[in-house]
Amino acid sequence: MTDEALLSVSELRTWYELRKWGFFHAGYVKAVDGVSFDLARREAVTIVGESGSGKSTLAKTLLGLVPPTSGEMTIAGTKLDGEKKGKGLAWVRANVGFVQQDPYGALPPFMSVQRILGEPLEIHGVPKTDQEQRIREVLEEVRLIPYGDFIHKYPHMLSGGQQQRLVIARALVLEPKLIVADEPVSMLDASVRVEVLQLLRRIQEQHDLGVIYITHDLSTVRYFSEFAFVMYAAKLVEKAEVKELIHNPLHPYSQALLTAISDPDAANAHIIKEVPGGEPPSLVRPPSGCRFHPRCKHFMEGVCDVDEPPAFQPVAGHEVECWLYREGEVPVDEESA
Ligand code: ATP
Ligand code: SF4
């Protein structure tokens, strides 16, 4: 972890235990399985992967909603142990904002905008005299203005885009250090997606926030972050700067994802998203060796199905877990040892 690292995640594993039948134990769904990365202040990273790759579980683990099975997470120098209650969770609530996928489901229907934004301030002991000012500030930041038009409204009185702005306002109200946004625009109309992503980006830059943006749609990456990580079957198989990943994807899975991508811009909505053929693997009994090997057109028998590939760095700052890059390369872990 560097001095200025905001978030440091090391060898994180989150496994869900399957039901036991008497003495028979069916095992675990290994939804996050050895994930490591650092994020500096003012940096945004997109984590992209198909459905079931473990993205939401990673988000929930960072938010303290699911306890990690093993590994370490440190945010702004505070080590988190995935407590689901008590002081640890209160610290996470105050310092990590959460923007959910479905804004309508995320907002309590019988609470006004004022109560939705006031409640976290109340819980975290912000004096009553400061609460109104803070609510005004966040509503202005997310462009729910003028204040008087929105403060007494209920979620059902807002459009989808306005509801998501309110969710963002709630995530910001306690002035967090990090925002985790899990598919924040996937349920919005194409016409407002880019707008909401650009709003998040502007807020991130103004407040020096770290942002983890989780999506299954690689095309939205360029609207948002400096870095992109590709998640496949519970692992981060590729990490690079966004431009580098888009122009030079190294992992065969990333290459397949990038062959044709959708665009949230309505003008380009005709471009259809494609994912590589074949089924995503079981996370209870993942394939041996490289987890992508049953779907990979570069599969090398006796290599790819035997050992898990470590991270190689064939281009400076660009890591990939794939045996294609083993020639003359030293795995990243061994380099730093
Ligand atoms: P999606 O975009 O569809 O939500 P995802 O990439 O976010 O997919 P997760 O929701 O994290 O993936 O799910 C990863 C795996 O963990 C899936 O196989 C899922 O069925 C499983 N899973 C998620 N939650 C639980 C749970 N509470 N108990 C058992 N298995 C779970
Ligand atoms: Fe394909 Fe082998 Fe690379 Fe896995 S390690 S992505 S199977 S070439």
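All ligand and atom numbering here is 1-based and tracks the order in the structure.
Listed by atom number, the atoms of ligand 1 under 4.0 Å from Ser56 heavy atoms are 4 (O), 5 (P), 7 (O), 10 (O), 11 (O). The ligand atoms of ligand 2 that sit less than 4.0 angstrom from a heavy atom of Cys304 are 2 (Fe), 5 (S), 7 (S), 8 (S). Near Cys296, with a cut-off below 4.0 Å to any heavy atom, the atoms of ligand 2 are 1 (Fe), 6 (S), 7 (S), 8 (S). Close contacts between ligand 2 and Trp323 involve ligand atoms 3 (Fe), 5 (S) [criterion: under 4.0 Å to a heavy atom]. Interface of His293 with ligand 2, defined as ligand atoms under 4.0 Å from a residue heavy atom, comprises 7 (S).
Of all protein heavy atoms, the one closest to atom 9 (P) of ligand 1 is Thr57 OG1, 3.7 Å. Val29 CG1, 3.7 Å is the protein heavy atom nearest to atom 21 (C) of ligand 1. If you check which protein heavy atom lies closest to atom 3 (Fe) of ligand 2, you get Cys322 SG, 2.3 Å. Distance from atom 4 (Fe) of ligand 2 to its nearest protein heavy atom, with residue and atom name: Cys290 SG, 2.4 Å. Protein heavy atom in closest approach to atom 15 (C) of ligand 1: Leu283 CD1, 3.8 Å. The nearest protein atom to atom 12 (O) of ligand 1, hydrogens excluded, is given as Gly54 N, 3.2 Å; this is a heavy-atom distance. The shortest contact between atom 22 (N) of ligand 1 and any protein heavy atom is with Tyr16 CE1, 3.5 Å.
Counting only N and O atoms by type, the side chains of Gln313 and His318 include no donor and acceptor under 3.5 Å apart. Tyr154 and Arg115 share no donor-acceptor pair across their side chains, judged by distance under 3.5 Å alone.
The heavy-atom pair separating Val167 from Ala106 by the smallest distance is CG2-CB, 4.3 Å.
By the 6.0 Å contact criterion, CZ on Arg202 is enclosed, its count of non-hydrogen atoms from other residues, nucleotides or ligands being greater than 12. Crowding of Gln206 atom CD: a count of heavy atoms from other residues, nucleotides or ligands under 6.0 Å exceeding 12. Glu241 CD: 12 or fewer foreign heavy atoms inside a 6.0 Å radius.
Ring planes of Tyr28 and Trp15: tilted class, angle from 30 to 60°.
The distance criterion of under 3.5 Å between nitrogen or oxygen atoms is met by Ser51 with respect to ligand 1. At least one N or O atom of Gly52 sits closer than 3.5 Å to an N or O atom of ligand 1.
For atom 31 (C) of ligand 1, the protein comes within 4.0 Å by at least one heavy atom.
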Let's go through Phe312 and Leu324 carefully: what are the C-alpha distance in whole Å and the side-chain angles of both, what is the deciding distance for side-chain contact (heavy atoms from CB on, under 4.5 Å) to 0.1 Å, and is it a yes or a no? CA-CA 10 Å; Phe312 296 103; Leu324 285 175; over 6 Å; no
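Considering CZ of Arg136 and CG of Leu117, their distance stands at 13.0 Å, rounded to 0.5 Å. With values rounded to the nearest 0.5 angstrom, His216 atom NE2 is found 11.0 Å from Leu257 atom CG.
Residue His251 touches ligand 2 through its side chain alone, judged by heavy-atom distances below 4.0 Å.
Between Phe292 and His251, the ring centre distance stays below 6.0 Å.
Note on ligand 1: Gly49 sits outside its first shell, no heavy atom being nearer than 4.0 Å.
Across Lys55, His216, Glu50, Glu17, heavy-atom proximity to atom 2 (O) of ligand 1 is greatest for Lys55.
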